S.K.: 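Take a look at this one; I'll ask things after.
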Amino acid sequence: MNFHILTLFPEMVMEGLSSSIIGRAQDAGVVSVRAINIRDFTDNKHKKVDDYPYGGGAGMLMQAQPVYDAYAYAVNTMSTRQKPRVIYLTPQGSVFRQEMAVELAREQDLILLCGHYEGIDERVLEEIVTDYISIGDYVLTGGELPAMVLVDAISRMVPGVLSNRQSGEKESFTGYLLEYPQYTRPEKWRGKKVPDTLLSGHHANIEKWRLEQSLRRTRERRPDLYRSYEQDRERK
Ligand code: ADE
């Protein structure tokens, strides 16, 4: 999986994705992340990339030309000839979900476009964007953090990024249930004991306990997800 991030703040995304599991996946060559600085592509002699909106209004907009040229550079320097999907991170997009991470992890290349200021000239969005994605109903100052969220969530669904034991299967959001609580040593901490079932070594009972905990936790913390779980079971 190759991510190509179009941004005005390349250091921010590269630094944020260089440690831990995603950093290791890059070192291992399973995932690559490249940040392309939109400012490098402006025709403006003062390196300007933004201007006032027609019709007036607050703030500045990113201009079409540097965004388009950065996109064209990304496409022309990709290993594959196929036209990649281009994701624009915006609060106006579909809200990102685990299923989208699973689906996007099947792509060979993805271009992530990060906006700044009040947004980007609509004409270049019409020209290049295939998917509009939001990471939640709140407004951030730019698309970089959302792009990093997508790279992380998508990468961990790419085969070889997680070890078999960690692998994305049995955890929050597969099958709509949240994960059960977990415990490690010591057996007793501040007077709190690890649940007896987990110490019993009885695997069937442990599985049963974990499922019960997952059900209860989902019902309490995410009633919306619990309803999806129930509906999904009714269909099966
Ligand atoms: N840009 C600003 N806010 C955003 C959000 N919530 N999701 C995606 N991109 C954004």
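Start at 1 and go down the list; that is how both ligands and their atoms are numbered. Residue numbers run from 1 in the order of the sequence given. All of these numbers come straight from a predicted model, not from anything done at the bench.
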S.K.: Provide, to 0.1 Å, the distance between atom 4 (C) of ligand 1 and the closest protein heavy atom, together with that atom's residue and name.
M.R.: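 The closest heavy atom on the protein side is Pro91 CD, 3.6 Å.
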S.K.: Specify the protein heavy atom at minimum distance from atom 3 (N) of ligand 1: its residue, its atom name, and the distance to 0.1 Å.
M.R.: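 Going by distance alone, atom 3 (N) of ligand 1 is nearest to Leu140 N, 3.0 Å.
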S.K.: Find out if a path of hydrophobic residues (ILVMFWY) with successive side-chain heavy-atom gaps under 4.5 Å connects Ile38 to Leu61.
M.R.: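 Different clusters.
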S.K.: Under 4.0 Å from a heavy atom of Pro146: give me the atoms of ligand 1 that qualify, with their elements.
M.R.: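 Reading through ligand 1 atom by atom, the close ones are 8 (C), 9 (N), 10 (C).
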S.K.: In the structure I gave you, are the side-chain heavy atoms of Arg34 and Asn2 within less than 4.5 Å of one another anywhere?
M.R.: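 Side chain of Arg34 against side chain of Asn2, heavy atoms only: no contact under 4.5 Å found.
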S.K.: Can you confirm whether more than 12 heavy atoms, excluding those of Glu187, are under 6.0 Å from its CD atom?
M.R.: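 Counting other residues, nucleotides and ligands, CD of Glu187 stays at 12 neighbours or fewer.
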S.K.: Which atom pair, heavy atoms only, marks the closest approach of Ala147 to Ile5?
M.R.: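 So the minimum-distance heavy-atom pair works out to CB-CG2, 4.4 Å.
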S.K.: Check the pair Leu113, Ile120 against side chain to side chain contact (heavy atoms under 4.5 Å, CB included), reporting the backbone distance first and the verdict last.
M.R.: CA-CA 10 Å; Leu113 171 59; Ile120 304 183; 4.0 Å; yes
S.K.: Would you mind checking which non-hydrogen protein atom is closest to atom 7 (N) of ligand 1, with the distance to 0.1 Å?
M.R.: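 Looking at atom 7 (N) of ligand 1, the protein heavy atom closest to it is Ile135 N, 3.0 Å.
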S.K.: I need the atoms of ligand 1 closer than 4.0 Å to a non-hydrogen atom of Leu89, numbered in the order shown.
M.R.: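 Once the distances to Leu89 are compared, the set is 8 (C), 9 (N).
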S.K.: Rounded to the nearest 0.5 Å, how far does CG of Asp131 lie from CG of Leu150?
M.R.: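 Reported value, rounded in 0.5 Å steps: 9.5 Å.
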S.K.: Salt bridge between Glu212 and Lys208, side-chain N to carboxylate O under 4.0 Å?
M.R.: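 A salt bridge links Glu212 with Lys208.
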S.K.: What are the atoms of ligand 1, with element, lying closer than 4.0 Å to any heavy atom of Gly136?
M.R.: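 Selected atoms, number and element: 6 (N).
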S.K.: Any nitrogen or oxygen of Tyr138, side chain or backbone, less than 3.5 Å from one on ligand 1?
M.R.: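 Between Tyr138 and ligand 1, an N or O pair is found under 3.5 Å apart.
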S.K.: Using heavy-atom distances only, which candidate in Thr90, Val139, Val149, Val95 approaches atom 9 (N) of ligand 1 most closely?
M.R.: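 Comparing heavy atoms across Thr90, Val139, Val149, Val95, the nearest one to atom 9 (N) of ligand 1 lies in Thr90.
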S.K.: Using heavy atoms and a 4.0 Å limit, tell me yes or no: is Ile133 in contact with ligand 1?
M.R.: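 Yes, that is the case, since the closest heavy atom of the residue is under 4.0 Å from the ligand.
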